[in-house]
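For reference, the structure is listed below as structure tokens.
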Amino acid sequence: MEPVTLTTGRLVLRTVGPDDTDAVHAAAQDPEMQRWLSQFPSPYLHEHARAFTEQFAPDGWANDSMFTFGVFLPSGELVGMLGITMRSLGVAEIGFWATKEHRGNGYITEATTTTARWAFTALSIDRIEWRAEVGNTPSRAVAEHAGFTLEGTLRAAVNNKGVRRDCWVGSLLPSDLGLPSTAPYLPAHTPSTS
């Protein structure tokens with residue numbers, strides 16, 4: 001798929017490329033990001049940022065496996081990153097991070113909701129999963145503010161730099177955003193109408 005650009009009242013969500021390498025590298029120096037993001041090498045070198053912006057992100061769009069959006073202010077300043085990774089038919093996983101300077105402004109929640117709407121309508125996804133290592137309360141707050149339902153804790157489900165850790169898991173369905181599903185959904189427990 002060709003990369004798309006999404007906009008909100010405050011943000012521009014677009015794919016990243018070589019011109020964004022320095023900004024990604026600078027953001028990834030934050031110890032909080034390196035602590036919670038298991039896929040981040042530590043130390044995070046300029047070559048890691050270059051591989052992400054020049055190969056990993058474009059390849060994901062090209063083979064429809066991962067749709068990476070840089071989250072930018074209209075000025076072009078990077079405020080975060082968000083990716084939708086295909087997991088199985090109709091199911092994707094979302095991941096995101098915010099730059100230290102822009103946390104707490106609701107930008108990533110706004111980007112998450114906007115990108116989820118796009119995924120539900122453009123990719124025919126019926127379930128988006130969110131996972132975060134237990135203790136990553138900022139990530140959990142974003143997910144909950146974006147409408148995700150916390151479903152539980154998975155034991156030893158994350159390998160963070162060689163250590164198995166528990167993670168929270170949640171989901172967002174099209175109906176959570178007032179959108180139709182592409183496939184019928186029969187919940188395990190249907191409320192009684194009597």
Side-chain angles (χ1 to χ4, degrees), residues 1-30 33 37-41 44-99 101-103 105-132 139 142-143 145-148 171-174 176-177 179-182:
M1 167 183 276
E2 286 296 315
V4 299
T5 297
L6 307 173
T7 58
T8 73
R10 305 187 298 166
L11 304 169
V12 175
L13 291 87
R14 63 165 176 80
T15 191
V16 292
D19 291 345
D20 303 306
T21 300
D22 290 342
V24 169
H25 177 256
Q29 301 311 302
D30 177 16
M33 285 175 45
L37 299 175
S38 58
Q39 69 274 20
F40 264 42
Y44 192 93
L45 306 175
H46 198 269
E47 65 196 50
H48 297 128
R50 187 171 51 253
F52 176 76
T53 60
E54 295 181 17
Q55 182 179 2
F56 186 76
D59 287 355
W61 280 96
N63 63 29
D64 296 336
S65 63
M66 183 173 186
F67 307 95
T68 301
F69 291 90
V71 181
F72 296 90
L73 295 176
S75 65
E77 185 177 355
L78 178 69
V79 300
M81 198 68 59
L82 185 147
I84 300 274
T85 304
M86 300 305 297
R87 292 294 180 214
S88 62
L89 183 62
V91 179
E93 183 176 336
I94 194 165
F96 44 75
W97 52 260
T99 62
E101 302 77 24
H102 292 290
R103 292 184 191 133
N105 294 314
Y107 292 140
I108 301 305
T109 300
E110 188 174 322
T112 296
T113 304
T114 300
T115 307
R117 285 184 180 283
W118 170 79
F120 288 141
T121 56
L123 302 176
S124 299
I125 290 174
D126 287 319
R127 175 182 167 89
I128 299 176
E129 296 180 351
W130 157 86
R131 296 169 191 245
S139 180
V142 167
H145 283 105
F148 282 74
S171 69
L172 188 70
L173 306 179
D176 297 330
L177 299 180
L179 299 170
S181 293
T182 60

Table please: side-chain donor-acceptor pairs of residues 68-82 below 3.5 Å, with sequence neighbours left out.
from  : atom 1 : to     : atom 2 : distance (Å)
Ser75 : OG     : Glu77  : N      : 3.4
Glu77 : OE2    : His102 : NE2    : 2.8

- Message: If the condition is side-chain contact (heavy atoms from CB on, under 4.5 Å), which residues does Ala143 pass it with, not counting sequence neighbours?
- Response: Trp130, Phe148
- Message: For the OG1 atom of Thr115 and the CG atom of Leu13, what is their distance to the nearest 0.5 Å?
- Response: 5.0 Å
- Message: I'd like to check the side-chain hydrogen bond (donor to acceptor under 3.5 Å, both in side chains) partners of Thr53; sequence neighbours left out, ordered by chain and number.
- Response: Thr21
- List for me each residue that meets side-chain contact (heavy atoms from CB on, under 4.5 Å) alongside Ser181, sequence neighbours excluded, and say none if there are none. Asp126, Pro174
- Item | Nearest atoms (heavy-atom pairs only) where Leu177 meets Ala146 | CD2-O, 4.3 Å
- Message: I'd like to check the salt bridge (charged side-chain N to carboxylate O under 4.0 Å, His left out) partners of Arg103; sequence neighbours left out, ordered by chain and number.
- Response: Asp30
- Note on the structure: In short, Gly147 meets Asp176 closest at the heavy-atom pair O-OD2, 4.2 Å
- Item | Test side chain to side chain contact (heavy atoms under 4.5 Å, CB included) applied to Leu6 and Arg117, step by step | CA-CA 10 Å; Leu6 307 173; Arg117 285 184 180 283; over 6 Å; no
- Contacts satisfying salt bridge (Lys or Arg N to Asp or Glu O under 4.0 Å) that involve residues 52-64 (not counting sequence neighbours) are none
- Task: Using a 4.5 Å cut-off on heavy atoms from C-beta on, say whether the side chain of Thr114 contacts that of Thr7.
- Result: no
- Item | Shortest non-hydrogen contact from Trp97 toward Ala27 | CZ3-CB, 3.7 Å
- Pairing residues for Ser65 by the side-chain hydrogen bond (donor to acceptor under 3.5 Å, both in side chains) criterion, not counting sequence neighbours: Asn63
In residues 86-96, what donor-acceptor pairs under 3.5 Å come from side-chain atoms, sequence neighbours left out?
from  : atom 1 : to    : atom 2 : distance (Å)
Arg87 : NE     : Glu93 : OE1    : 3.0
Arg87 : NH2    : Glu93 : OE1    : 3.3

- Note on the structure: Sorted by chain and residue number, the salt bridge (charged side-chain N to carboxylate O under 4.0 Å, His left out) partners of Arg50 (sequence neighbours excluded) come out as none
- Task: Apply side-chain hydrogen bond (donor to acceptor under 3.5 Å, both in side chains) to Arg10 and list each qualifying residue two or more places apart in sequence or on a separate chain.
- Result: Glu110
- Message: Just to verify, what does His25 make a side-chain contact (heavy atoms from CB on, under 4.5 Å) with, not counting sequence neighbours?
- Response: Gln29, Tyr44, His46, Ala49
- Message: Using a 3.5 Å distance criterion without hydrogens, assess whether the side chain of Arg127 forms a donor-acceptor pair with backbone atoms of Ser171.
- Response: no
- Partner set under side-chain hydrogen bond (donor to acceptor under 3.5 Å, both in side chains) for Arg14, not counting sequence neighbours: Asp20
- Note: Leu172 and Phe120 closest approach over all heavy atoms is O-CZ, 3.4 Å
- Message: Under the criterion side chain to side chain contact (heavy atoms under 4.5 Å, CB included), I'd like the reasoning laid out for Thr113 against Thr8: C-alpha separation, chi angles, the key distance, then a yes or no.
- Response: CA-CA 10 Å; Thr113 304; Thr8 73; over 6 Å; no
